[in-house]
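Below: one structure, written as structure tokens.
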Amino acid sequence: QEIERAFPWQALRDGVGAEVEAVCEVQSDGSLVCRRSTVRQTNGLSDFAPDFVRAVEKLLPSYRAGPALKNGTPSAGAVFGMAVAFKVAE
């Protein structure tokens with residue numbers, strides 16, 4: 001539901017979706033600092049790419065990482081790519 005609220009309205013109106021990859025680092029409090037966001041693919045006009053990047057930048061502050069990774073090591077300092085898909089109904 002968060003993604004639906006963040007979806008760039010002009011892109012949604014025109015039926016354009018995208019997948020955005022953000023490169024993020026987990027902070028000691030579990031928050032994410034994302035240094036780079038890239039639109040990996042769209043199903044329409046690339047004019048909306050900056051709008052999708054801004055939408056992801058609005059979404060990511062609400063995400064939190066757990067205190068440990070799957071292998072048990074602390075998550076703080078971990079860098080990872082996170083894909084966010086904005087899909088339109090067909």
Side-chain angles (χ1 to χ4, degrees):
Q1 218 172 19
E2 290 179 51
I3 291 175
E4 290 174 10
R5 285 194 299 265
F7 207 117
W9 71 270
Q10 290 175 318
L12 184 60
R13 177 196 65 204
D14 291 352
V16 176
E19 185 172 301
V20 180
E21 172 139 349
V23 176
C24 304
E25 181 177 352
V26 180
Q27 303 302 293
S28 60
D29 65 354
S31 64
L32 305 179
V33 173
C34 300
R35 309 203 185 293
R36 181 172 34 108
S37 296
T38 307
V39 177
R40 293 199 319 194
Q41 60 179 292
T42 64
N43 69 342
L45 304 171
S46 62
D47 293 346
F48 296 112
D51 299 319
F52 284 111
V53 169
R54 280 191 294 276
V56 167
E57 290 170 352
K58 284 183 185 177
L59 280 172
L60 292 178
S62 67
Y63 286 75
R64 291 281 183 261
L69 301 176
K70 288 182 182 179
N71 66 6
T73 60
S75 63
V79 177
F80 65 96
M82 176 183 217
V84 180
F86 294 89
K87 297 181 181 181
V88 292
E90 294 184 24

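Worth knowing before you read on, the calculation uses all heavy atoms, side chains too, and leaves out hydrogens, waters and symmetry mates. Sequence positions, counted from 1, serve as the residue numbers for this chain.
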Note to self: In the structure I gave you, are the side-chain heavy atoms of Val20 and Thr38 within less than 4.5 Å of one another anywhere?
What the structure shows: no
Next item on the list: Would you mind reporting whether Arg35 and Val79 have side-chain heavy atoms less than 4.5 Å apart?
Entry: no
Please name the pair of heavy atoms, one in [X] and one in [Y], separated by the smallest distance, quoted to 0.1 Å.
X	Y	result
Gly15	Val88	O-CG2, 3.5 Å
Ser62	Glu2	OG-OE1, 2.9 Å
Ala6	Ala55	O-CB, 3.2 Å
Cys24	Leu32	CB-CB, 4.4 Å
Arg40	Ala83	NH2-CB, 4.1 Å
Val26	Gly30	CG1-CA, 4.1 Å

Next item on the list: Group every Ile, Leu, Val, Met, Phe, Trp and Tyr by side-chain heavy-atom contacts under 4.5 Å, then state whether Ile3 and Leu12 land in the same group.
Entry: yes
Margin query: Membership question, hydrophobic clusters at under 4.5 Å side-chain separation (ILVMFWY): are Val84 and Phe80 in the same one?
Written below: yes
Notebook entry, point to check: Tell me, which pairs form a side-chain hydrogen bond (donor to acceptor under 3.5 Å, both in side chains) where one or both residues lie in residues 64-80, sequence neighbours left out?
Noted result: Asn71-Thr73
Next item on the list: For Asp14 and Val16, indicate whether the former's side chain and the latter's backbone hold a donor-acceptor pair under 3.5 Å.
Entry: no
Check: In Å and rounded to the nearest 0.5 Å, what is the CZ to CG distance from Phe7 to Leu59?
Finding: 11.5 Å
Note to self: Counting neighbours of CZ on Arg13 that are heavy atoms of other residues, nucleotides or ligands and sit closer than 6.0 Å, is the number greater than 12?
What the structure shows: yes
